[in-house]
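Just below is one structure, and these are the notes that go with it.
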Amino acid sequence: KGSFKDTAQLYLLQGAVEQQEWRVPALHHALLQQLKPYLSHSYKLVRDRIGSILSTIFLFEIKLPNGKSHLQPKLTDFIDFVLPQLESLPKKGDDTIDGLVFKAATTANPPKLENSPADAKEETEETVRLFKTVLNWMLGHTKEHHQPLSPSIFRLLPYIFYCESYDDDKELEALSKTVRAAATG
């Protein structure tokens with residue numbers, strides 16, 4: 001499949017889901033489960049569309065006046081799913097060298113490489129793609145959500161602040177700045 005075909009299919013799906021609004025929480029749950037494996041898709045257009053669909057899925061997660069919540073997918077659960085995966089974003093100043101993690105050396109054993117350079121690079125790229133999808137979702141979510149931002153969204157702020165100065169990917173850097181401005185401004 002190519003990005004055009006995938007994006008077109010997702011666009012059609014989003015149009016159908018948007019028309020149903022809050023009436024189909026079971027569909028929202030199923031769609032979210034189907035989309036999770038593709039959050040780090042290799043094509044930017046597909047990731048952007050997935051981020052937009054995530055905005056649609058979480059649009060109607062609201063608390064009712066009686067304190068009860070809808071049956072929609074919970075934003076907190078989604079963020080709990082994403083956060084552990086963001087831990088592998090490359091960090092400056094830690095024990096990594098170009099994304100490679102070294103185990104501490106002991107006197108009996110020399111330092112050993114935990115993963116190969118190719119594996120580390122692919123994992124880093126996949127994590128960056130995942131975070132770009134999350135940022136696209138957050139950008140749509142901050143514009144369209146009917147209530148104040150959920151406190152759980154603010155758990156992503158440290159990653160956003162970090163990626164604002166991520167020199168290796170200008171798109172990630174710009175998207176992080178835009179989302180931070182939208183979320184905090």
Side-chain angles (χ1 to χ4, degrees), residues 3 6-8 10-22 24-25 28-29 31-64 69-70 72-92 124-185:
S3 72
D6 290 345
T7 303
L10 289 170
Y11 188 77
L12 289 171
L13 178 64
Q14 182 178 12
V17 171
E18 281 180 345
Q19 290 179 359
Q20 298 304 312
E21 297 178 338
W22 54 270
V24 289
H28 288 164
H29 281 281
L31 184 56
L32 181 59
Q33 291 308 313
Q34 291 290 319
L35 290 175
K36 281 182 179 179
Y38 300 102
L39 292 175
S40 61
H41 197 279
S42 59
Y43 291 122
K44 179 188 181 318
L45 290 173
V46 173
R47 289 192 312 270
D48 291 350
R49 182 55 46 199
I50 290 172
S52 183
I53 291 173
L54 291 173
S55 294
T56 301
I57 289 173
F58 293 114
L59 183 61
F60 293 100
E61 186 205 7
I62 57 175
K63 288 231 181 220
L64 300 173
S69 62
H70 266 271
Q72 300 291 352
K74 304 289 184 251
L75 186 59
T76 303
D77 295 340
F78 178 69
I79 291 175
D80 288 342
F81 168 78
V82 168
L83 277 176
Q85 297 175 64
L86 296 179
E87 290 300 320
S88 62
L89 275 173
K91 296 171 184 66
K92 294 178 178 16
T124 298
E125 289 173 357
E126 189 172 319
T127 303
V128 167
R129 289 191 308 260
L130 167 79
F131 196 48
K132 286 179 183 179
T133 303
V134 169
L135 290 170
N136 277 312
W137 155 68
M138 286 183 68
L139 190 56
H141 187 76
T142 56
K143 291 178 183 178
E144 299 171 6
H145 199 60
H146 299 304
Q147 292 194 2
L149 291 178
S150 167
S152 59
I153 285 182
F154 294 104
R155 294 171 34 207
L156 295 168
L157 279 179
Y159 298 97
I160 295 171
F161 290 144
Y162 170 75
C163 289
E164 282 184 358
S165 60
Y166 189 71
D167 298 333
D168 297 338
D169 190 327
K170 294 300 179 188
E171 178 192 358
L172 179 63
E173 183 179 359
L175 194 53
S176 297
K177 288 178 182 177
T178 303
V179 169
R180 183 202 33 90
T184 61

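Owing to the predicted nature of the structure, the values given are computational and were not obtained by experimental measurement. Heads up: numbering here begins at 1 and tracks the sequence.
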Residue Y11 excluded, over 12 heavy atoms near OH under 6.0 Å:
no
Please tell me if the side chains of T7 and D48 come closer than 4.5 Å, counting only heavy atoms from C-beta onward.
no
With a 4.5 Å limit on heavy-atom distance, are the side chains of I57 and W137 in contact?
no
Kindly compute the distance separating CE (M138) from CZ (F131), expressed to the nearest 0.5 Å.
7.0 Å
Heavy-atom pair with the smallest gap, counting every atom of L32 and P73:
CD2-CB, 3.9 Å
Determine whether a donor-acceptor pair (N or O, by modelled atom type, separation under 3.5 Å) exists between the side chain of Q14 and the backbone of S52.
yes
Any donor-acceptor N/O pair, R47 side chain to T133 backbone, under 3.5 Å:
no
Taking atom NE2 of H41 and atom CZ of R49, what is their separation to the nearest 0.5 Å?
14.0 Å
Identify the heavy atoms of A182 and T142 that sit nearest to each other, and give their distance.
CB-OG1, 3.6 Å
Closest non-hydrogen atom pair, L135 against V179:
O-CG2, 3.3 Å
Result block: side-chain N/O donor-acceptor pairs under 3.5 angstrom for residues 76-83, not counting sequence neighbours:
residue : atom : partner : partner atom : Å
D80     : OD1  : R155    : NH1          : 3.1
D80     : OD1  : R155    : NH2          : 2.5

Y166 versus S176: any side-chain heavy-atom pair under 4.5 Å?
no
Would you compute the distance between atom CD of E18 and atom CG of L13 and round it to the nearest 0.5 angstrom?
10.0 Å
What distance do Y38 atom OH and L130 atom CG have between them, rounded to the nearest 0.5 Å?
15.0 Å
Shortest non-hydrogen contact between K170 and D167, atoms and distance:
CE-O, 4.0 Å
Rounded to the nearest 0.5 Å, how far does CG of L172 lie from OH of Y159?
13.5 Å
Before giving the answer on side chain to side chain contact (heavy atoms under 4.5 Å, CB included), spell out for L54 and L39 the whole-Å C-alpha distance, their side-chain angles and the decisive distance to 0.1 Å.
CA-CA 10 Å; L54 291 173; L39 292 175; 3.8 Å; yes
Contacts satisfying salt bridge (charged side-chain N to carboxylate O under 4.0 Å, His left out) that involve residues 129-141 (not counting sequence neighbours) are E122-R129, K132-D169, K132-E171
Audit row: I53, V17, side chain to side chain contact (heavy atoms under 4.5 Å, CB included) steps and yes/no
CA-CA 9 Å; I53 291 173; V17 171; over 6 Å; no
Closest non-hydrogen contact found for H28 with T56 is CE1-O, 4.5 Å
On a heavy-atom basis, the closest approach of S150 and L75 is CB-CD2, 3.5 Å
Find the distance between CG (L35) and CD (Q33) and round it off to the nearest 0.5 Å.
9.5 Å
